[in-house]
Amino acid sequence: MPWRRTADPYQIWISEIMLQQTRVDTVIPYYKRFIEKFPTLDDLAQADEQILLKQWEGLGYYSRARNLQAGVKEVAQNYGGIVPDNRKEISSLKGVGPYTAGAVLSIAYGIPEHAVDGNVMRVLSRILLIEEDIAKPKTRKIFEEAVTEIISHEDPSSFNQGLMELGALICTPTSPKCLLCPVREHCAAFHEGKQNVLPIKTKTKKTKSLQYAMIAIRNEDKFLMEQRPASGLLANMWQFPMLETAVDILPVEIEEQLSESLKGIVDKAEKITSFKHVFSHLIWNVDGFIADSKNISAPNHMRWVTAEELDLLPIAGPVQKMKISLQQRGDV
DNA sequence: CATTCGTGGCG
DNA sequence: TCGCCAAGAAT
C-alpha cells in the first residue's frame with residue numbers, strides 16, 4: 001500500500017480519511033493522484049474546493065474531503081503546519097474521529113494508541129468472545145479498552161495495522177479462514193465454534209426510494225448545471241436540474257409534469273435514459289431527459305457551461321450516469 | 001443514540 | 001437481482 005511507504009503524518013492522514021468505509025483497492029489510485037496534486041499540507045490547505053471535490057469524485061462520502069481540508073487548514077494556522085501528536089489535539093480536527101486519531105498517532109508517530117475500526121471489533125469480538133452489539137456506538141469503548149490493554153508498545157503501528165489486516169484477509173465477516181489463522185489457538189470463538197455467529201451486529205433498516213426527473217437543458221453548445229446545497233447529500237456537487245416526482249407516478253405522467261413545470265424554459269423534453277442509483281440509505285430512480293432552451297438566464301445556483309467546463313465540475317454517480325448517456329448520443 | 005452521509009464488490 | 005458489507009465521522 002503506497003501510504004505505508006511514507007512517514008509523513010499528512011500523507012498518512014490523507015490515506016486514513018480515504019480508507020473510511022472504503023476498500024483498499026478502491027483507494028489506491030485516488031491516493032496516488034491526490035498526493036501528486038496536493039503533495040504537502042499547505043498545498044491542500046490552499047486548494048480550491050471545486051478542484052478538491054473533483055479529485056474526490058467517485059470516492060463517495062464527499063463531506064470527508066471538505067472536512068479534511070478544514071482540518072488541514074486548522075493545522076496550517078494553529079499548529080504551524082505540524083500534525084498534532086496527541087489524541088486530544090488531533091481529535092479536535094474536523095473529520096478526525098476516534099479511529100483516525102489512533103491510526104495517525106500510531107502509524108505516523110509510533111504512539112501506542114488504539115485504532116478501533118470494524119475489522120478490529122470483528123476480530124476481537126471473536127478472539128475475546130465479546131457478545132455486545134457492535135452496531136451500537138457505546139460498544140466501541142469496550143474494544144478501545146481491550147486494545148489499550150494488549151497493544152504493543154514496541155511497535156504500535158504494526159500492531160494496529162496487523163489487527164486490521166487480520167480482519168481484512170483472514171478473520172472476514174463471513175466464512176472466516178480459521179484454518180489459516182495465526183492466532184486461532186488464542187481465539188475463544190474458534191474453540192467454541194462461534195466464529196460464524198460473532199460479531200453480533202443488528203440489522204439496519206431498509207432504504208427508501210425516491211423518483212426524479214433529471215433534465216439536460218441545452219442552448220447551443222452549453223448546458224444548464226446546478227450546484228447542490230452546501231450541506232446534506234452530495235453537498236456542493238453539481239447536477240443537471242432535477243425535479244422530484246411521485247414515487248408511484250407513471251412514465252407518461254412524468255413527462256406531462258415535466259413540460260408543465262418547465263413551461264417557458266424549455267421547448268420540448270425527450271426522454272433519453274432511465275436508471276437506478278443506490279446510495280447507503282436511499283435509492284434514486286431517475287428518468288433522464290434532454291431539452292433545448294431559448295432562455296439563457298441562469299437562476300440561483302445555476303450556470304451555463306460548455307462541454308469542457310462540464311468536465312471540470314465535480315459530479316456524483318447519478319449525474320455521471322446521465323453524462324455518459326449524453327456522451328453516447330453525441331450530445332456532449 | 002439513531003440517522004445521515006457514496007460507491008463498488010461479492011455471495 | 002439483491003442485500004450485505006468496507007481501514008467512520010458528523011449531526
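Note on naming: letters A, B, ... go to the chains in the order of the sequence lines (proteins, then strands), and numbering restarts at 1 for each one.
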* Within a reach of under 6.0 Å around NE2 of A:H301, are more than 12 heavy atoms found that belong to other residues, nucleotides or ligands? -> no
* Asked: Does A:E149 CD have over 12 foreign heavy atoms under 6.0 Å away?
  -> no
With heavy atoms under 4.0 Å as the rule, sort [X] into base, sugar-phosphate or nothing.
X      : answer
A:A103 : nothing
A:R140 : nothing
A:V278 : base
A:N67  : sugar-phosphate
A:T26  : nothing
A:M237 : nothing
A:G167 : nothing
A:L59  : base

Please determine, for the side chain of [X], which listed nucleotide ([options]) has the closest atom?
X      : options             : answer
A:P98  : B:dT7, C:dC2, C:dA9 : C:dA9
A:P137 : C:dA9, B:dG6, B:dA2 : B:dA2
A:H277 : C:dA9, B:dG6, B:dT7 : B:dT7
A:K201 : B:dA2, B:dC5, C:dA6 : C:dA6
A:Y61  : C:dC2, C:dG8, C:dA9 : C:dG8
A:Q20  : C:dG8, B:dT7, B:dG9 : C:dG8

* Asked: Should A:D8 and A:W13 be marked as a side chain to side chain contact (heavy atoms under 4.5 Å, CB included) after you check the CA-CA gap, both sets of side-chain angles, and the distance that decides it?
  -> CA-CA 9 Å; A:D8 183 351; A:W13 182 7; over 6 Å; no
Residue-phosphate contact under 4.0 Å: [X] side-chain N/O, [N] OP1/OP2:
X      : N     : answer
A:R122 : C:dA6 : yes
A:K276 : C:dC2 : yes
A:Y62  : B:dT7 : yes
A:H281 : B:dC5 : yes

* Asked: Pick the nucleotide of DNA chain C nearest each of A:G95 and A:L19; which residue has the one closer to the 5' end?
  ->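 First, find each residue's nearest nucleotide; the 5'-ward one identifies A:L19.
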* Specify the residue among A:L93 and A:A168 whose closest nucleotide of DNA chain C lies further upstream toward the 5′ end. => A:A168
* Structure fact -> Of A:T139 and A:G232, the one whose nearest nucleotide on DNA chain B sits closer to the 5' end is A:T139
* Asked: Where each residue is assigned the nucleotide of DNA chain B containing its nearest heavy atom, which of A:R23 and A:A135 is assigned the position nearer the 5′ end?
  -> A:A135
* Side chain A:T22 and base B:dG6 donor-acceptor under 3.5 Å -> yes
* Classify the side chain of A:T100 and the base of C:dG8 as holding, or not holding, a donor-acceptor pair under 3.5 Å. => no
